[in-house]
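None of these values were measured; they are calculated from a predicted model.
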Amino acid sequence: MITISIEPADNGVIKFLFDDNVNGGGEEYTSRVVYEFEGKHARYNQAKFLTDLIIDLGINVGNEMDSNKLSIKSGWGSKYEPNESEIKTRIDQLEKELEALRSKIK
């Protein structure tokens, strides 16, 4: 049986994964992963933690061929005021996405 335990840490969380029957062979396996939620890579680490947890739990989130695939993404808050450079970058990304969608209906 697989058991997942999550403990708070000063700057994130620690995820423990215990498997008492690896590959049906009766061997034990323990994994310990520290996810740091502060600093430069905080948002990336939060998304990685959630993604890893979904995989560990065996939750089916779909695949690239599904019309309804669950994705974990980050983005601007509704009250965030982006600067001009961020706006231009986002416009470029959206234009590329629109172009890709338009190419699928031709």
Side-chain angles (χ1 to χ4, degrees):
M1 180 168 103
I2 295 176
T3 304
I4 298 170
S5 174
I6 301 167
E7 295 182 9
D10 288 343
N11 57 350
V13 295
I14 304 169
K15 181 188 73 168
F16 298 92
L17 183 129
F18 306 99
D19 188 347
D20 62 359
N21 192 18
V22 177
N23 295 327
E27 293 183 39
E28 291 185 3
Y29 171 78
T30 302
S31 169
R32 182 177 303 114
V33 181
V34 177
Y35 297 91
E36 185 176 357
F37 293 166
E38 292 179 359
K40 183 174 155 182
H41 301 290
R43 195 63 69 209
Y44 170 81
N45 290 338
Q46 290 169 346
K48 177 151 179 44
F49 166 70
L50 293 171
T51 302
D52 289 350
L53 191 58
I54 286 169
I55 291 168
D56 292 339
L57 293 171
I59 297 172
N60 182 2
V61 295
N63 60 46
E64 297 303 322
M65 302 300 286
D66 291 335
S67 64
N68 191 10
K69 178 184 176 236
L70 177 66
S71 297
I72 297 174
K73 297 180 180 181
S74 63
W76 294 340
S78 62
K79 300 197 185 244
Y80 176 69
E81 299 268 342
N83 62 39
E84 187 174 331
S85 173
E86 291 172 321
I87 293 171
K88 288 179 180 179
T89 301
R90 184 69 179 130
I91 289 170
D92 289 342
Q93 291 170 342
L94 290 170
E95 285 175 345
K96 288 177 185 174
E97 189 176 335
L98 283 170
E99 186 178 311
L101 288 171
R102 285 188 180 117
S103 71
K104 293 180 186 227
I105 59 175
K106 290 182 181 180

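Using a 4.0 Å cut-off between a side-chain N of Lys or Arg and a carboxylate O of Asp or Glu, E86 and R90 do not qualify as a salt bridge.
In the displayed structure, Q93 atom CD is contacted under 6.0 Å by more than 12 heavy atoms of other residues, nucleotides or ligands. Annotation for D66: atom CG counts as buried by contact number, over 12 foreign heavy atoms lying within 6.0 Å. Other residues, nucleotides and ligands place no more than 12 heavy atoms under 6.0 Å from the NZ atom of K40.
With D20 contributing its side chain and E28 its backbone, the two residues share no donor-acceptor pair below 3.5 Å. A donor-acceptor contact shorter than 3.5 Å is absent between the side chain of N11 and the backbone of E36.
Interatomic distance, CD of E99 versus NZ of K104, reported as 12.5 Å (0.5 Å rounding). Remark: I105 CD1 to L101 CG distance equals 8.5 Å, nearest 0.5 Å. Summarising the geometry, atom OG1 belonging to T89 is positioned 8.5 Å from atom CG belonging to N83; distances are rounded to the nearest 0.5 Å.
Across all non-hydrogen atoms, the minimal contact from R32 to F16 is NE-CE2, 2.9 Å. Listed here is the closest heavy atom pair of R43 and S74: CG-CB, 3.7 Å.
Hydrophobic clustering, defined by side-chain heavy atoms of Ile, Leu, Val, Met, Phe, Trp and Tyr closer than 4.5 Å, groups V13 together with I2, I4, I6, L17, V22, Y29, V33, Y35, F37, F49, L50, L53, I54, L57, I59, V61, L70, I72. Summarising the hydrophobic clusters (Ile, Leu, Val, Met, Phe, Trp, Tyr; side-chain heavy atoms under 4.5 Å, direct or chained), the residues clustered with Y44 are none.
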